[in-house]
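Residue numbers start from 1 in every chain, and the chains themselves are labelled A, B, ... in the order their sequence lines are given, proteins ahead of strands.
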Number of protein chains: 2
Amino acid sequence: MHKQEAIKKLKDHNYKLTPQRELILDIMLNQQGYLSVREIYEKVKEVFPQVSIDTVYRNLSLLKDINILNETTIGNNIMYVMRKEIHNHTMRCLKCGKIFELDICPLELWINQIKDFEIVDHKIEIVGYCKDCMSNKN
Amino acid sequence: MHKQEAIKKLKDHNYKLTPQRELILDIMLNQQGYLSVREIYEKVKEVFPQVSIDTVYRNLSLLKDINILNETTIGNNIMYVMRKEIHNHTMRCLKCGKIFELDICPLELWINQIKDFEIVDHKIEIVGYCKDCMSNKN
DNA sequence: TATTAAATAAGAAATATTTCTTAATTAAGA
DNA sequence: TCTTAATTAAGAAATATTTCTTATTTAATA
């Protein structure tokens with residue numbers, strides 16, 4: 001997702017491009033992994049110290065509603081990440097051979113925590129049994 | 001980590017094996033991925049409806065202290081998983097070729113959310129630059 | 001530039017999470 | 001079975017997160 005694309009989506013829905021909203025967009029565009037609301041709020045405050053946390057909640061939720069961000073819940077925690085169009089990760093069924101796209105990247109949750117390694121690329125290969133083959137593996 | 005091993009660790013530290021503590025251990029042993037404190041608390045309550053959430057916090061923290069559980073923070077959320085001895089996932093440096101062990105499995109955070117697929121195995125391959133080679137890639 | 005619907009900050013309110021205190025209970029070993 | 005240090009439940013307290021209300025400000029378009 002490019003910035004112009006995101007801005008167009010906002011306009012198409014008659015939402016305004018406020019400085020706060022644009023900053024949140026920039027933060028998410030410059031971020032590989034998932035961030036919690038609090039982490040995003042802290043980053044916004046660096047530029048707008050007076051920002052209301054309500055503004056952050058409101059905008060993240062809105063950006064999710066118009067499919068700019070993906071929202072996920074880990075434990076009790078709401079987290080956001082830029083939406084991806086390309087699906088690099090798949091699950092392959094050992095029985096029927098069907099390939100299922102993983103619309104999430106498990107690595108994105110960890111990327112922020114890996115400090116001593118500059119990640120260039122990664123592959124994830126999951127194998128197992130799909131819904132249809134689960135009960136009939138032979 | 002097997003149950004007897006965990007119990008021995010408790011005894012070695014002069015900790016008692018209470019029913020609540022044993023249940024928490026069982027829950028974690030029967031769980032592939034990370035769970036939040038709340039998720040664990042809900043499971044404990046199914047057996048001990050009167051359990052205090054403080055008991056859950058206390059025991060999880062204790063089990064982490066004696067290296068039975070791994071604790072991680074995702075966003076604002078504390079999560080726990082059984083400690084693994086086997087490191088299946090590595091990061092390989094493109095420059096010096098060194099292999100670094102990943103003591104976490106990024107997939108464990110997602111495993112609980114994958115409902116329609118029975119995972120048998122998975123591989124994660126990360127490539128990039130290690131700390132020493134980051135600034136000198138040629 | 002004037003208009004107006006959308007968005008904002010501020011603060012309160014509602015929930016949720018985490019830690020603490022205390023008195024009662026209990027696991028484990030003598 | 002007795003003893004005792006460890007553990008517990010209960011409830012309060014301290015924090016943290018999320019939502020709501022209101023008055024004010026502002027982006028976008030005419």
Starting from C1' on D:dT7, measure out to NE2 on B:His13 and report it in whole angstrom. 17 Å
Determine, for B:Lys43 against B:Glu39, whether the closest basic-nitrogen to carboxylate-oxygen distance falls under 4.0 angstrom. no
Rounded distance (Å) that lies between atom C1' of C:dA10 and atom OH of A:Tyr41: 11 Å
Pick out which of A:Asn59, A:Leu62, A:Ile7 makes a side chain to side chain contact (heavy atoms under 4.5 Å, CB included) with A:Tyr15. A:Leu62
Applying side chain to side chain donor-acceptor pair (under 3.5 Å), can you list everything that pairs with B:Asn77, at least two apart in sequence or on another chain? none
Within the structure shown, what part of the strands sits under 4.0 Å from A:Arg21 by heavy-atom distance: base, sugar-phosphate, or nothing? sugar-phosphate
Kindly write out the residues that satisfy side chain to side chain donor-acceptor pair (under 3.5 Å) with B:Lys3, not counting sequence neighbours, or none if the list is empty. B:Glu22, B:Asp26
Measure CG/A:Asn14 against C1'/C:dA5 and give the value in whole Å, please. 10 Å
Between A:Glu42 (CD) and D:dA16 (C1'), how many Å, whole number? 12 Å
Are the side chain of B:Arg21 and the backbone N or O of B:Lys16 linked by a donor-acceptor pair below 3.5 Å? yes
What is the distance, rounded to the nearest whole Å, between atom NZ of B:Lys8 and atom C1' of C:dA28? 17 Å
Contact letters for nucleotides 17-30 of chain D, in which S counts primed atoms plus P, OP1 and OP2 and B counts the base, heavy atoms under 4.0 Å: SBBB-----BBS--
Between A:Gln20 (CD) and C:dA10 (P), how many Å, whole number? 11 Å
Does the side chain of B:Asn76 pick up a donor-acceptor pair with the side chain of A:Arg38 at under 3.5 Å? no
Rounded to whole Å, CD of B:Gln50 lies from P of C:dA24 at a distance of 18 Å
CG of B:Leu25 versus P of D:dT7: gap in Å, rounded? 14 Å
